[in-house]
Amino acid sequence: MNAHSALLEGLNPQQKAAVEYRGDALLIVAGAGSGKTRVLTHRIAHLIETRDAWPSQILAITFTNKAAAEMRERVHQLLGETGEWMWISTFHSACVRILRKEAEHLGYLKSFSIYDSSDSRALIKRLLKDTGAEYHGLKPGGVQAMISKAKNELKDADAFARGIDSNNPYASYTAEVFRRYQEELRASNAFDFDDLVAETVYLLRDFPEVANRYRHRFRHILVDEYQDTNHAQYQLIRELTRPIDPMHLPEDLAIRRDLPTNPASLTVVGDSDQSIYAFRGADIRNIVEFERDFPGAQVILLEQNYRSTQNILDAANGVISHNFDRKDKNLWTSAGSGELVSAYVGYNGHDEAQFVADAIEQLRITGTPYREMAVFYRVNAQSRPIEEVFTRAAVPYRVIGGTRFYDRAEVKDAIAYLLSVANPLDSLSLRRILNTPKRGIGPATEAQLQVYAETQHLSLRQALAHVDELPLGPKVVAEIKVLTAILDDAEALAAEGKVSEVLQLIIDRTGVLRSYRATRDPQDEARAENVEELLAVTIEYEKQNPEGGLVGFLAEAALVAGVDDLDDESGTVSLMTMHTAKGLEFDAVFVTGLEEGLLPHRISLGEPGGVNEERRLLYVALTRAKKNLHISLSGSRAVYGDIEAAAPSRFLDEIPAELLNWKSRPPRKAAEDRSLLGTSSWQDDPPKQKIEWKNSISSVRDNGDLQLSPGDRINHDNYGQGRVMDVTGEGSKAKAVVDFSNFGRKTLLIKIAPITKL
DNA sequence: TGGTAGAGGATTTTT
DNA sequence: TCCTCTACCA
C-alpha cells in the first residue's frame with residue numbers, strides 16, 4: 001500500500017495521527033464537531049486498506065442505531081463492497097447477536113424475547129401485587145430503577161440481596177421482587193434491556209472457550225461515545241480485549257498453530273464534556289481513567305471544530321468552562337465569528353414558540369431549508385406549545401423521539417402476538433394477548449390458567465392446551481381454543497419464514513383491523529393505520545434482511561429508539577429533547593426553555609453532580625448549531641396545567657453577554673447582574689430590531705405586588721381591555737381570571753402579565 | 001366480564 | 001392538564 005492513502009487526504013495532523021496509529025489502545029478525545037465520525041470511519045477503512053485487519057475482525061460500537069447506520073454507510077462509501085463482515089452496531093445489538101449464537105450456554109433458547117422497559121415495568125407491577133410488596137409502599141418505577149441500576153453495575157439478584165442493609169425493609173422487599181423477576185424472565189426465555197449486556201459479560205466470564213472465540217474474531221474494537229458507557233458495557237469491552245488464552249480454545253480454533261494471543265486493539269472516542277447519561281449509569285470515570293486502565297495508551301486530542309462559527313463555540317465554551325471538574329479544552333474553528341446568538345424572552349411558552357416560528361420563517365426566506373433547522377427542549381412536555389404555534393403558523397415539523405412507534409398499544413399488541421409465536425415460553429406477551437382483542441378471557445380465567453400451569457409445571461402456553469381439564473365455562477373454553485389455533489397456525493407459518501405473512505394471518509384471524517374500522521372513533525382509524533404501518537415495516541424488513549426471520553425482526557423492533565426515525569430527506573423542522581440531539585447537527589438551532597427548574601431541571605438539583613450534567617446538556621445543545629444559534633426562555637411556564645413564574649436559568653449568565661443579540665428586552669435578573677458587574681446596561685438601549693419579529697410580545701415584567709380583585713378593569717398589552725372575574729393564589733403565584741371582550745377568558749399570572757390596572 | 005365515570009396521580013433525560 | 005387506574009354498575 002502506498003504511504004499516502006487517499007484516506008488521509010483532507011485530514012488535519014491530529015486526525016491523521018488517529019487514523020494511522022497502530023497500537024493496543026488509543027483514546028481520541030474528540031470535542032464537539034471535531035470530525036470524530038470521519039476519523040472513526042477513515043480509521044476503519046485504513047485498517048483494511050493497509051491489510052492490518054480483515055473486515056470480519058472489526059467491531060465498531062455506537063450509541064444509537066442511527067449512528068451505526070451512518071457509520072456503516074460511510075465505511076461502505078470509502079471501501080466499496082467489503083463492509084459485509086464487519087460488525088458495526090450498538091452495544092445492545094452486538095450483545096443480541098452474540099447471545100443468539102450462545103444462548104444455550106446460559107440455559108436460554110435462541111428464540112429469546114427482549115423486554116423493553118415498559119414490558120419489564122408491567123412484569124414488576126404484577127410481581128409487586130403477587131408478593132404483596134405493593135402494600136409496603138414499593139412502586140413499580142422505583143423498583144425497576146433499582147433493578148436496572150444493579151444490573152448496570154453487574155450485580156445480580158443475589159449480589160443485590162447481599163449488599164442491602166438488612167434493617168431496610170424497603171430494600172429487602174425489592175431484593176425479593178428482583179429474585180422473582182429474574183426467575184420469571186428465565187422461565188419466559190426473555191432478557192430485559194440491561195440483561196443483554198450483563199448476561200453477555202457473564203457469558204464471556206464463565207465460558208472461556210466462548211470468550212476466546214470472540215477475542216480471536218474481533219482484533220480491532222472501536223467504541224464511540226465512550227463517555228456514555230456504564231460499568232457493564234465497560235466490563236464487556238474489558239472481557240473482549242483480554243489476551244487469548246491458548247488453553248481454552250473452541251475446538252475448531254484449537255487445531256490452528258498460527259493463532260495470535262495478544263489482545264485486540266481498542267480505540268475509544270469520547271468527550272467528557274458531552275457526558276449526559278450519568279443518570280442512567282454512564283460512568284464518566286471510564287473515559288477519565290482510560291490511560292490507567294490501558295497502560296501505554298496513546299491519547300490524541302481533536303480540538304479543531306469543523307461545524308460551528310466562533311461565536312457559537314464561544315457561547316458553548318463560556319457555559320462549559322463553569323464546570324470546574326474538567327480538563328480544560330479549547331475548541332476553535334477557522335470558520336470565522338459568524339452571527340451573534342439571538343436571544344429572546346417570551347411572556348409565556350406560546351410567545352416563546354411564536355418567536356421561534358417567526359425566526360424560522362425568516363431563516364427560510366433567506367435560504368435555510370426546514371430540514372436544516374431544529375428546536376430543542378429539556379422535557380418532552382415542552383413540545384406541546386411549540387407544536388400548537390407551529391401548526392397555526394404552518395411551519396412543517398416533526399417530533400423526534402418521544403413515544404416510539406413500537407410503544408403504541410396497538411403495535412405492542414401485534415408485537416406481543418409475534419413474540420408469543422416466536423417464543424411460546426414468553427408468558428408476559430401471552431398474557432397481553434390473552435384478552436386482546438376482548439374475547440371474554442378475564443382476570444379470573446387468567447388466574448386459573450396460571451395456577452394450573454404452576455401446579456402442573458407447565459408454561460402458560462402449554463396450560464392453554466389443557467383447557468378441557470379446567471372448570472371453565474363453555475364460552476371461555478371455545479375462545480381459548482380459537483386463540484390456541486391462531487397461535488399454532490401462525491407458528492407453523494413462521495417456520496417457513498415470512499414475517500409479514502405471519503402478521504397478516506394474525507390480523508385476519510383476530511379481526512383487529514376490522515374492529516378498528518367498524519367504529520367512528522378517529523383514534524381507532526389511527527390505530528388501524530398503525531397496524532397497517534407495522535405490516536409495511538415487516539415487508540420492508542424482509543426485503544432488507546431476507547435471512548432475518550421472525551426472531552430477527554422482533555429484536556430489531558425491540559432495539560429501535562425514537563431518534564432512529566429521523567430521516568434527513570423530510571423537509572421539516574425537527575423538534576426533540578436536548579438528549580436526543582446529541583450527535584446531530586443543524587444549520588440553525590433553537591434552544592428553548594432556559595429557565596431555572598427546567599434547565600437545570602429541578603430534579604437534577606438534588607443529585608450529586610446534577611447541575612454539572614445539566615450544564616453539559618446545554619453545551620451539547622449549543623454545539624449542534626452550525627451557523628445560527630437561538631436561545632430563548634419564558635417568564636412563565638405551564639406546569640401540569642398550572643401557570644408558574646419562571647426565572648432565567650443561571651446558565652444564561654454564563655454565556656458571554658457580548659455574544660447575545662436580544663430580540664426582546666433581556667430578562668431583568670440577568671440584566672441586573674450584568675450592570676452590577678460594570679458591563680453596559682441593556683436597559684438603556686432600546687430593544688434592537690424589535691419590528692423584525694412580528695407578533696413578539698414584550699418581555700417579562702414585574703408588576704410588584706399589584707392587587708386585583710373581581711370587578712377591576714385592566715388593560716393587557718396583547719388582549720386589550722378586560723374585566724377581572726376571579727383572583728386565586730397568593731404572592732407571586734396569584735392568578736387572575738380575566739374576561740377580555742375580544743379574546744374571551746384568560747388566566748393570567750398577576751405578577752408578570754403585561755397588564756395595567758385601569 | 002365489560003364498559004364507563006370519576007378520582008387520583010404523575011410528570012427528566014432513554015440505549 | 002392529561003392519562004391511568006379503580007370502583008361500580010349493567
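Remember, predicted model here, so these are calculated numbers, not experimental data. Lettering follows sequence order; numbering is per chain, from 1.
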*asked:* Taking any heavy-atom pair under 4.0 Å as a contact, classify A:A638: base, sugar-phosphate, or nothing.
replied: nothing
*Given atom CG of A:L128 and atom P of C:dC5, what is their separation to the nearest angstrom?*
14 Å
*Under 4.0 Å between any heavy atoms, over every strand shown, what does A:S604 touch: base, sugar-phosphate, or nothing? Just pick one.*
nothing
_Distance check needed: C:dT4 P versus A:R408 CZ, whole Å only._
13 Å
*Between A:I400 (CD1) and B:dT14 (P), how many Å, whole number?*
12 Å
*Would you kindly check whether a donor in the side chain of A:R378 faces an acceptor in the base of B:dT13, or vice versa, at under 3.5 angstrom?*
yes
*Judged by modelled atom types alone, do A:S275 and A:S272 share a side-chain donor-acceptor pair under 3.5 Å?*
no
_Candidate nucleotides B:dT15, B:dT12, B:dT1, ranked by approach to the side chain of A:H601 - the nearest_ = B:dT12
_If we count only N and O atoms by modelled type, under 3.5 Å, do the side chains of A:K151 and A:Q182 hold a donor and an acceptor together?_
yes
*Output the single nucleotide from B:dT1, B:dT15, B:dG2 whose closest atom is nearest the side chain of A:T64.*
B:dT15
*Would you say A:N435 reaches B:dG2's phosphate, i.e. side-chain N/O to OP1/OP2 under 4.0 Å?*
yes
*According to a strict under-4.0 Å criterion, is A:K125 in side-chain N/O contact with OP1 or OP2 of C:dC5?*
yes
*Verify the distance criterion only: is there a donor paired with an acceptor across the side chains of A:N323 and A:R326 at less than 3.5 Å?*
no
*Integer-rounded Å distance: B:dT13 P and A:Q274 CD*: 20 Å
*B:dT13, B:dT14, B:dT1: which one has an atom nearest the side-chain heavy atoms of A:V379?*
B:dT13
*Whole Å only: how far is the CD atom of A:Q233 from the C1' atom of B:dT15?*
8 Å
*Starting from P on B:dT14, measure out to CG on A:L559 and report it in whole angstrom.*
17 Å
*asked:* Distance check, C1' atoms only: C:dT4 and B:dT13, in whole angstrom units.
replied: 22 Å
_Among B:dG2, C:dT6, B:dT13, the nucleotide that comes nearest once only the side chain of A:K129 is considered_ = C:dT6
_Could you tell me how far apart A:F193 (CZ) and B:dT15 (P) are, to the nearest whole angstrom?_
7 Å
*Between P of B:dT15 and CD1 of A:I276, the distance in whole Å*: 11 Å
*Check the pair A:L633 / A:S649 against side chain to side chain contact (heavy atoms under 4.5 Å, CB included), numbers first and verdict last.*
CA-CA 8 Å; A:L633 60 150; A:S649 166; over 6 Å; no
*State which of B:dT1, B:dT15, B:dT13 makes the closest approach to the side chain of A:F279.*
B:dT13
*If you look at every strand shown and take non-hydrogen atoms under 4.0 Å, does A:N380 touch a base, only sugar-phosphate, or nothing?*
sugar-phosphate
_Side-chain N or O of A:R384 versus OP1/OP2 of C:dC2: is the shortest distance under 4.0 Å?_
yes
*Does A:T577 place a side-chain N or O at less than 4.0 Å from the phosphate oxygens OP1/OP2 of B:dT14?*
yes
*Please work out if A:F91 contacts a base, only the sugar-phosphate, or nothing of the nucleic acid, heavy-atom cut-off 4.0 Å.*
nothing
*Answer yes or no: is there an ion pair linking A:R378 with A:E595, defined by an N-O contact shorter than 4.0 Å?*
no
*Any luck finding a side-chain donor-acceptor pair between A:E352 and A:S632 under 3.5 Å?*
yes
*Which residue, A:E614 or A:V476, contacts DNA chain B at a nucleotide closer to its 5' end, judged by nearest heavy atom?*
A:V476
*Is a donor-acceptor contact shorter than 3.5 angstrom present between the side chain of A:H92 and the base of B:dT15?*
yes
